[in-house]
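A short worksheet on the structure shown next.
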Amino acid sequence: MDYASTIYKNGDILTMEDRLPNVQAIAVREGRIIALGTENEIARWKGPKTRIVDLQGNTLMPGFYDSHSHFSVVGGAALNSVQLACPPIGSIKSISDVMTSLKNHLDTHPDTKMIIGWGYDDTLIKEKRHLNRYDLDKVSKSIPIFVSHISGHVGYANSKMLEIANIDRTTADPIGGKIFKDAQTGEPTGHLDEQAVYLLPTGGIFSLSGEGEECIQALEKASEIYASNGVTTANDGGVKNIETIKAYYAAHKQGRLKVRVTICPFSEILEESNFINQKDDYVTLQGIKIVQDGSIQAYTAYMSEPYYTAYQGNRDWVAYPACSQEALDQKVMDIYRSGQQAVCHCNGDRTLDMYLDALTRAQKKYPRVDDRPIVIHAQTARYDQLVRMKALHATPSFFSLHTYYWGNRHMDRFLGPNRGANLDPAGWAQQLGIPFSTHCDSPITPQTPLLSIWAAANRISYEGRRIGNHQCVDVLTALKSYTINAAYQYYEDDIKGSIAKGKLADFVVLDQNPLRIAPSEIKNINVIATIVNDGTIFNSGQITETESPQPTTV
């Protein structure tokens with residue numbers, strides 16, 4: 001008999017499988033689940049070299065599957081940027097705090113060639129305004145400086161950065177972006193929206209990692225961050241160049257990529273067909289990414305109705321799409337013609353209308369049995385749009401943490417009480433039977449799956465305000481949104497997302513069972529260990545590895 005290499009037992013085991021939701025023990029061999037059931041049933045798989053993991057009453061479930069974030073940027077930002085977020089993420093409260101943090105970084109890194117700041121929020125800062133070149137010039141006029149807004153869709157450059165990028169009073173706005181200019185002088189203020197950010201040599205926050213060894217270091221750092229939060233499959237939702245993809249394979253080969261990663265290349269590199277739909281045990285290329293609008297909190301999400309409060313004095317402001325309907329139709333058509341999966345960033349409901357129209361035309365011309373198009377964010381999706389999504393086999397990946405971090409401001413400033421209460425409408429999706437996922441969109445917010453799950457089930461802002469109670473979902477559905485549903489979206493539900501025979505031995509161990517405590521307490525659960533391919537990649541200190549036949553305790 002071929003015995004198990006590892007047996008996990010003596011804890012709550014949540015499978016995320018409806019037909020067998022709970023089991024007492026699991027047997028694993030060569031990184032795959034070979035059996036699950038009662039402890040007596042699994043005992044037959046124990047051999048002389050089988051490792052026994054005693055969960056000691058803790059809870060084991062499938063590892064978290066991150067459906068949308070920017071993995072390489074998380075690592076790059078952690079290594080190279082200055083944290084400028086306001087509470088509850090960071091400690092910045094004023095523009096003076098921003099200047100102090102940037103100057104301190106320069107003082108401690110005197111040889112730096114460029115300063116990158118991350119996470120500035122004009123709506124929380126004391127002065128309630130955007131940064132400009134003159135603010136940043138106070139830090140340095142000789143070293144280029146770039147600060148990213150918390151949304152990732154707005155940036156600020158000092159004069160040196162603008163000079164290097166050749167952005168001056170004569171520079172025209174790029175399609176899908178805006179260069180803000182002084183009304184009196186016509187000179188750029190340093191404030192850039194959307195595609196204008198990518199005129200800078202940094203390429204914006206989403207190119208921090210670069211390529212080669214620098215990128216591999218970022219991937220290694222990101223692995224540590226994601227693993228410590230129970231993520232076993234991460235996501236890089238929008239890779240712009242082949243060099244970064246090569247760095248992923250190199251990092252895995254060198255043993256520095258600890259978690260599995262699903263990469264969604266941007267549509268601009270669709271022609272690099274030799275890299276699309278490639279898989280190994282750790283790196284999967286799945287889904288072609290399109291970004292069709294911006295961010296609600298940056299006033300750049302394309303809406304069907306004006307924002308609740310005026311944007312720069314304009315009460316009719318609805319923002320703009322990244323490209324025309326015709327251009328979007330062509331992008332989606334090209335994806336379907338190539339047999340790939342479409343993944344589109346849609347924050348505003350008007351943008352979502354555009355994407356659903358494009359999907360309708362593409363599916364008619366290139367019909368497919370199982371195309372699984374994804375809508376990233378879908379934050380302002382209307383009920384009628386969710387009905388259309390179900391008919392088109394599209395599924396949303398909701399940014400449910402917006403109800404926690406920005407809920408009050410959505411209700412009072414960006415969307416108003418009606419649209420704000422229906423932000424990230426997971427309740428409607430559940431009613432319609434749509435298998436949605438949730439995500440943290442890191443580095444926009446920290447990679448905290450349990451907080452995201454809590455947000456989907458509770459919808460309470462960090463100030464304590466309930467944001468649309470009718471859109472809450474039950475805890476099991478929220479758990480599935482970060483496990484089996486996310487795996488389904490990327491065609492990996494046959495090997496990931498639940499505990500079933502034949503699936504990968506990718507697990508997270510928690511100190512409490514989310515299904516046995518009050519939903520309000522889920523965000524207080526701690527990750528004890530993260531296991532990928534039957535190997536521990538994160539250990540909080542409560543797991544002791546020992547040789548068989550003595551038990552390993554968690």
Below 4.5 Å, heavy atoms only, C-beta onward: do [X] and [Y] meet side chain to side chain?
X: F71; Y: D66; answer: no
X: L415; Y: T380; answer: yes
X: L510; Y: I528; answer: no
X: I92; Y: D121; answer: no
X: D293; Y: V291; answer: no
X: Y490; Y: S67; answer: yes
X: R368; Y: Q363; answer: no
X: S72; Y: L219; answer: yes

Could you state the interatomic distance from [atom1] ([X]) to [atom2] ([Y]), rounded to the nearest 0.5 Å?
X: Q471; Y: I467; atom1: CD; atom2: CD1; value: 12.0 Å
X: S520; Y: I460; atom1: OG; atom2: CD1; value: 7.0 Å
X: N458; Y: I522; atom1: CG; atom2: CD1; value: 6.5 Å
X: L401; Y: D441; atom1: CG; atom2: CG; value: 10.0 Å
X: I335; Y: I288; atom1: CD1; atom2: CD1; value: 6.0 Å
X: L124; Y: C86; atom1: CG; atom2: SG; value: 5.0 Å

Counting the benzene-type ring for Trp, do [X] and [Y] have ring centres under 6.0 Å apart?
X: F398; Y: H439; value: no
X: H153; Y: H345; value: yes
X: Y307; Y: Y299; value: yes

Give a yes or no on whether [X] atom [atom1] has more than 12 heavy-atom contacts from other residues, nucleotides or ligands under 6.0 Å away.
X: L432; atom1: CG; result: yes
X: Y320; atom1: OH; result: yes
X: K364; atom1: NZ; result: no

Query raised in the report: Among T530, V259, V508, which one satisfies side-chain contact (heavy atoms from CB on, under 4.5 Å) with T232?
Result: T530

Query raised in the report: Looking at V154, I95, I150, which one forms a side-chain contact (heavy atoms from CB on, under 4.5 Å) with Y120?
Result: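 Result: among V154, I95, I150, I95 is the only option passing the side-chain contact (heavy atoms from CB on, under 4.5 Å) with Y120.
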
Nearest atoms (heavy-atom pairs only) where [X] meets [Y]:
X: D316; Y: N314; result: N-OD1, 2.8 Å
X: K221; Y: A78; result: CG-CB, 4.0 Å
X: S452; Y: C440; result: CB-SG, 4.0 Å
X: Y355; Y: A342; result: OH-O, 3.3 Å

With distance as the sole criterion, is a donor-acceptor pair present between the side chains of [X] and [Y] under 3.5 Å?
X: S461; Y: N408; result: yes
X: D334; Y: Q330; result: yes
X: Q431; Y: Y383; result: no
X: T438; Y: S481; result: yes
X: R459; Y: T403; result: no
X: N241; Y: T244; result: yes
X: N347; Y: Q292; result: no
X: T262; Y: Q286; result: no
X: Q447; Y: N229; result: no
X: E194; Y: T300; result: yes
X: D371; Y: Y336; result: yes
X: N235; Y: H70; result: no
X: S151; Y: Q297; result: no

Requested in this report: Determine the sole option in Y482, Y404, Y462 for which the ring-ring contact (aromatic ring centres under 6.0 Å, His included) test with W454 is passed.
Outcome: Y404

N/O donor-acceptor pair under 3.5 Å between [X] side chain and [Y] backbone:
X: T15; Y: E17; result: yes
X: S324; Y: A327; result: yes
X: Q83; Y: A85; result: yes
X: R372; Y: Y488; result: yes
X: Q325; Y: M354; result: yes
X: S223; Y: K258; result: yes

Query - V473/F436 under side chain to side chain contact (heavy atoms under 4.5 Å, CB included): CA gap, chis, key distance, verdict - result: CA-CA 11 Å; V473 298; F436 67 89; 4.0 Å; yes

Tell me whether [X] is salt-bridged to [Y], with the criterion being a basic N under 4.0 Å from an acidic carboxylate O.
X: D493; Y: K503; result: no
X: D173; Y: K181; result: no
X: K331; Y: D329; result: no
X: D349; Y: R382; result: yes
X: K480; Y: D18; result: yes
X: D12; Y: R516; result: yes
X: D506; Y: R260; result: yes
X: R465; Y: D412; result: yes

According to the interplanar angle, ranging from 0 to 90°, do the rings of [X] and [Y] count as parallel (below 30°), tilted (30 to 60°) or perpendicular (above 60°)?
X: H68; Y: H377; value: perpendicular
X: Y156; Y: H130; value: tilted
X: F399; Y: W406; value: perpendicular
X: H402; Y: H410; value: tilted

**Report entry** H191/I179 under side chain to side chain contact (heavy atoms under 4.5 Å, CB included): CA gap, chis, key distance, verdict
**Finding:** CA-CA 7 Å; H191 175 189; I179 301 169; over 6 Å; no

Requested in this report: I would like to know whether Q385 and D353 meet side-chain hydrogen bond (donor to acceptor under 3.5 Å, both in side chains); could you show each step before the answer?
Outcome: CA-CA 7 Å; Q385 291 178 317; D353 279 330; 2.9 Å; yes

